[in-house]
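Computed over heavy atoms, backbone and side chain alike; hydrogens, waters and symmetry mates excluded. For this chain, numbers begin at 1 and follow the sequence in order.
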Amino acid sequence: MNALDHAWQRVQVREATCETDGKEIEICSRCGEVKTTNTPKDKHKWEIHSVKATCTGAGYTVKECEICNERSITDITAALNHNYKTSDTSVIYELYIYSHRKYL
């Protein structure tokens with residue numbers, strides 16, 4: 001009489017992340033034997049968003065891992081020049097008076 005092969009049932013105990021190894025166990029439904037397997041760490045799960053440059057700050061791209069919060073900043077661009085509107089003559093006049101105050 002031949003022995004029956006194992007009938008393994010796999011259970012994932014812990015999913016692998018970028019911080020920890022995963023763990024699986026296999027249990028034979030015929031004899032109860034248990035095998036444990038560690039799975040290697042997984043890749044980062046990146047979330048990427050961009051910040052546009054303005055006249056008060058640089059622009060950049062942020063890449064941050066949703067699991068471990070590792071972060072990198074790339075694609076840095078310089079702050080933009082100010083974009084003054086010259087249609088309001090009262091503001092221009094006030095700036096002129098302010099800049100020439102020492103002469104008054």
Side-chain angles (χ1 to χ4, degrees):
M1 196 192 276
N2 291 335
L4 296 173
D5 288 335
H6 290 286
W8 296 109
Q9 295 180 342
R10 183 177 303 183
V11 177
Q12 185 175 31
V13 176
R14 179 181 58 237
E15 187 175 342
T17 68
C18 58
E19 294 184 306
T20 60
D21 292 334
K23 188 174 190 173
E24 296 178 346
I25 59 170
E26 292 179 274
I27 305 168
C28 177
S29 62
R30 293 191 176 121
C31 70
E33 183 179 336
V34 177
K35 294 192 302 185
T36 302
T37 306
N38 288 326
T39 58
K41 289 181 181 179
D42 203 2
K43 297 177 181 179
H44 290 285
K45 292 187 180 185
W46 296 114
E47 182 178 292
I48 300 172
H49 67 274
S50 296
V51 175
K52 291 184 178 184
T54 66
C55 61
T56 59
Y60 51 91
T61 300
V62 177
K63 184 168 93 169
E64 186 170 5
C65 178
E66 296 173 0
I67 306 298
C68 69
N69 297 321
E70 181 175 321
R71 180 184 293 180
S72 68
I73 296 176
T74 58
D75 304 326
I76 299 171
T77 57
L80 303 175
N81 292 327
H82 290 285
N83 186 15
Y84 295 110
K85 293 183 180 183
T86 59
S87 62
D88 187 352
T89 56
S90 63
V91 172
I92 295 171
Y93 180 72
E94 288 177 28
L95 288 172
Y96 175 80
I97 296 297
Y98 178 77
S99 65
H100 292 85
R101 183 175 289 170
K102 63 183 176 183
Y103 301 114
L104 296 177

Mind checking side chain to side chain contact (heavy atoms under 4.5 Å, CB included) for Ala53 and listing every partner two or more places apart, or none if nothing turns up?
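In terms of side chain to side chain contact (heavy atoms under 4.5 Å, CB included), with neighbours along the sequence ignored, Ala53 is linked to Thr77, Leu80.
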
Would you tabulate the side-chain donor-acceptor contacts of residues 61-69 under 3.5 Å, counting partners in other chains and residues two or more places apart, or write 'none'?
from	atom 1	to	atom 2	distance (Å)
Thr61	OG1	Asp75	OD2	3.4
Glu64	OE1	Arg71	NH2	3.3
Glu64	OE2	Arg71	NH2	3.4

Can you list, pair by pair, the side-chain donor-acceptor contacts under 3.5 Å of residues 16-39, counting residues two or more places apart and other chains?
from	atom 1	to	atom 2	distance (Å)
Thr17	OG1	Glu19	N	3.1
Thr17	OG1	Thr20	N	3.2
Thr17	OG1	Thr20	OG1	3.3
Asp21	OD1	Lys41	N	3.2
Ser29	OG	Ala7	O	3.3
Arg30	NH1	Asp5	O	2.4
Glu33	OE1	His6	NE2	3.3
Thr39	OG1	Gly22	N	3.3

Please name all residues satisfying side chain to side chain donor-acceptor pair (under 3.5 Å) with Ser72, sequence neighbours left out, ordered by chain then number.
none

Acceptor/donor pairs from residues 42-50 side chains to any protein atom, 3.5 angstrom cut, sequence neighbours excluded:
from	atom 1	to	atom 2	distance (Å)
His44	NE2	Glu70	OE1	3.4

